[in-house]
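Throughout, protein chains are lettered first and strands after them, A, B, ... in sequence-line order, and every chain is numbered starting at 1. Model, not experiment: these values are computed from the prediction.
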Protein chains: 2
Amino acid sequence: MLTGWRRNPNRFQFVTKLEGGILPDGTNMRTPYGLEIIENCLSCPHREERLFCNLPEQTVKALSAITSSASYPKGATLFVEGQPARGVFILCSGRVKLSTSSADGKTLILRISEPGEVLGLPATVTGTCYELTADVVEPAQSNFIARNDFLAFLKDNGEAALRVAQQLGETYHAAVAEMRTIGLSHSAGEKLARFLLEWAANYPEEKGQIRLKLTLTHEEIAQMIGSSRETVTRLLADFRRKQLLQVMGSTLIIKNKAALQSIVTG
Amino acid sequence: MLTGWRRNPNRFQFVTKLEGGILPDGTNMRTPYGLEIIENCLSCPHREERLFCNLPEQTVKALSAITSSASYPKGATLFVEGQPARGVFILCSGRVKLSTSSADGKTLILRISEPGEVLGLPATVTGTCYELTADVVEPAQSNFIARNDFLAFLKDNGEAALRVAQQLGETYHAAVAEMRTIGLSHSAGEKLARFLLEWAANYPEEKGQIRLKLTLTHEEIAQMIGSSRETVTRLLADFRRKQLLQVMGSTLIIKNKAALQSIVTG
DNA sequence: GCTATAACGTGATGTTTATCACGGGTGCCC
DNA sequence: GGGCACCCGTGATAAACATCACGTTATAGC
């Protein structure tokens, strides 16, 4: 049984119930499902706004009965691309990087998932393999629902199935947006500008400036826009020189949104 | 009323009931929904193998009651990216190109849809705008279900909603595959090889050769792999010279699959 | 505070490939 | 049959960017 304090590379972490994760040191975290429910989705702070919000009380109860919860340290892997889908992960806190890699080690990051999102949904509903790899980049807590339980639940709860379909639609939408930035750009500068603007869309604009947190390394940004680490470094320096933006640690300020937009327009 | 014989650029076509399409000459084909049902999904040859197969008889009846049918000539547009989603199109015959374009006219083709596929599904279930443009590249017949009808139907038919979720998962899967070919390749040659192999996956292999139909112009191939028309021409010539493949009109024979695979592996 | 490791900055270099330009081929329509 | 539109082939050119290489600056763990 994995319940208890556990040594991780970065910190101690109280692990209540772990499912199918891989620790940074390579240890496999898989345990049998459903042994105990430490936390149910009623206590999740994102319950109201996301996938299974506002469902009938009874439905939520049915859901929480098949849900288990776990904490994952930075560097942990929730699932790996090519693995048969075990179930879905509902991210309660932290952030998770979704990526795919080629044989020669090149990596493409598709998305940094935020709390409230459901990971592994497409593969779980279709019964195929996870198409992406999910790595924890910020210590995360996540609920897990095993595939069989999840499908049975959906079959009995039409409304929930519809919600799932909507969530999938949004996921697809985001993927298409990503394809546009990667596939329709003429230059790396255009891709970077597109990326920054999309990222900034989640932050408020004040006095023509947008303050945003960007806790990604240049390498990771490069992997998001399909470019190399060095060009990202150079382009960011270039943007700074041209007064388009300003960097202070992990916070980035867009000082000239219009100019960035004119870069993507061409 | 649009029922009757209609002049199209390429051929005459009997148009039974048209929904929201745009003809090559720019004419808008929109008509009010639900006036008459010419064809229902029971008669669709793909009924058995796709989205709504094997549903209870009653469910299928409910479905066909909200379905209308139409024929579209080559060059017609089913929907345009950015348009509010009107509903889903179930492709019965023909082929449809799904693409997205940037302001400066560059185009990225995401998929060539085959009969049996459902178009416009993500936007319809999420209630957003179509994220892609759907152009008919081979004369097509398609069923249409308006958004409101479709959502109401899904709410009442949990099993169908689950099927929809699965279809969406597959769509997403295909999109990720596309992203991999575009985003993880080091060269255009690699992208083209990846593209050809994925395309060939739908055809049988015999004696180490794969015979496949590829009714796409070099321009379109370029738009699928995010490259230029000229490089596609040059690369195909190069592949032919190296005995990797052979082209006869619109049929293409892969003579050395292993070599193509070694190109994508690097 | 010290050391190891990761992240960033920057120059030089060479390949890739987009782009422009033009010619030949083919089918379609008047 | 002549014109028109589209598609394919091919050369020349230039720019963008990946890659290599190395130094510098942060960051984290002891």
Side-chain angles (χ1 to χ4, degrees), chain A residues 7-12 24-25 73-75 102 104-108 135 137-139 182-193 214-241 245-252 263 266, chain B residues 7-12 24-25 73-75 102 104-108 135 137 182-193 214-241 245-252 263 266:
Chain A
R7 185 70 181 79
N8 293 326
N10 303 317
R11 61 185 57 72
F12 282 96
D25 58 9
K74 182 174 167 181
S102 65
D104 63 335
K106 204 174 176 186
T107 297
L108 184 70
D135 293 308
V137 289
E138 238 174 61
I182 292 182
L184 289 178
S185 297
H186 297 270
S187 67
E190 203 177 321
K191 286 193 274 190
L192 182 58
L214 189 59
T215 45
L216 291 173
T217 67
H218 293 183
E219 176 91 49
E220 287 172 317
I221 295 173
Q223 291 171 347
M224 292 209 69
I225 67 176
S227 171
S228 74
R229 198 264 310 168
E230 293 91 330
T231 42
V232 169
T233 300
R234 280 188 253 264
L235 284 171
L236 282 178
D238 191 45
F239 285 178
R240 251 180 316 179
R241 230 173 294 125
L245 46 83
Q246 192 178 330
V247 181
M248 297 152 60
S250 68
T251 66
L252 186 147
I263 289 178
Chain B
R7 184 73 181 80
N8 293 324
N10 303 315
R11 60 187 59 72
F12 283 95
D25 60 9
K74 181 174 166 181
S102 65
D104 63 334
K106 202 174 176 188
T107 296
L108 184 70
D135 293 308
V137 290
I182 292 181
L184 290 178
S185 298
H186 297 269
S187 68
E190 202 177 320
K191 286 193 275 190
L192 182 58
L214 190 59
T215 47
L216 292 174
T217 67
H218 291 184
E219 176 90 49
E220 287 173 318
I221 296 174
Q223 290 171 347
M224 291 209 69
I225 66 175
S227 170
S228 75
R229 200 263 310 166
E230 294 91 329
T231 43
V232 169
T233 300
R234 281 188 251 265
L235 284 170
L236 282 177
D238 191 47
F239 286 177
R240 251 180 317 180
R241 230 175 294 123
L245 47 83
Q246 191 177 330
V247 180
M248 298 152 60
S250 68
T251 66
L252 185 147
I263 289 177

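- One can find a donor-acceptor pair under 3.5 Å joining the base of D:dT19 and the side-chain atoms of A:Arg234.
- Within the 4.0 angstrom heavy-atom criterion, base atoms lie near B:Ser228.
- Rounded to a whole Å, the NZ atom of B:Lys191 is 10 Å from the C1' atom of C:dT17.
- B:Ile182 has its side chain within reach of A:Ile182: a pair of non-hydrogen atoms, C-beta onward, lies under 4.5 Å apart.
- For A:Thr233, the listed nucleotide lying nearest its side chain is C:dG9; candidates were C:dG9, D:dC17, D:dC8.
- Every side chain to side chain contact (heavy atoms under 4.5 Å, CB included) that A:Thr217 has, sequence neighbours left out, goes to A:Glu219, A:Glu220.
- A straight line from CG of B:Leu236 to C1' of D:dG9 spans 12 Å, rounded to a whole angstrom.
- Closest to the B:Ala188 side chain, of the nucleotides D:dT10, C:dG9, C:dT17, is C:dT17.
- Contact check, A:His218 against C:dG9: a side-chain N or O comes under 4.0 Å of OP1 or OP2.
- Considering only heavy atoms from C-beta on, B:Lys74 stays 4.5 Å or farther from B:Val137 through its side chain.
- Atom CD1 in B:Ile221 sits about 10 Å away from atom P in D:dG9, given to the nearest Å.
- Across all their heavy atoms, A:Ile263 and A:Gly189 have their closest contact at CG2-O, 3.9 Å.
- Minimum heavy-atom separation, A:Gly183 to B:Lys106: O-NZ, 3.9 Å.
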Can you check each nucleotide of nucleotides 21-27 of chain C against protein heavy atoms at under 4.0 Å and return B for base, S for sugar-phosphate only, - for none, in 5' to 3' order? B------

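- When the nucleotides D:dT19, C:dT17, D:dC7 are ranked by their closest atom to the side chain of B:Thr217, D:dC7 comes out on top.
- Atom CZ of B:Arg241 is separated from atom P of D:dG9 by 11 Å (rounded to the nearest Å).
- Distance, B:Gln223 CD to C:dA18 P: 13 Å, rounded to whole Å.
- Atom C1' of nucleotide D:dC17 and atom NZ of A:Lys106 are separated by 11 Å, given to the nearest angstrom.
- Between B:Asp104 atom CG and C:dA18 atom C1' there is a gap of 13 Å when expressed in whole angstrom units.
- A side chain to side chain contact (heavy atoms under 4.5 Å, CB included) with B:His218 is found for one member of B:Thr231, B:Leu235, B:Thr233 and no other, namely B:Thr233.
- In terms of position on DNA chain D, the residue among B:Glu219 and A:Leu235 whose nearest nucleotide sits closer to the 5' end is B:Glu219.
- Rounded to an integer number of Å, the gap from CZ of B:Arg240 to C1' of D:dT10 is 13 Å.
- Taking the side chain as every heavy atom from C-beta outward, B:Ile225 and B:Val232 approach each other to under 4.5 Å.
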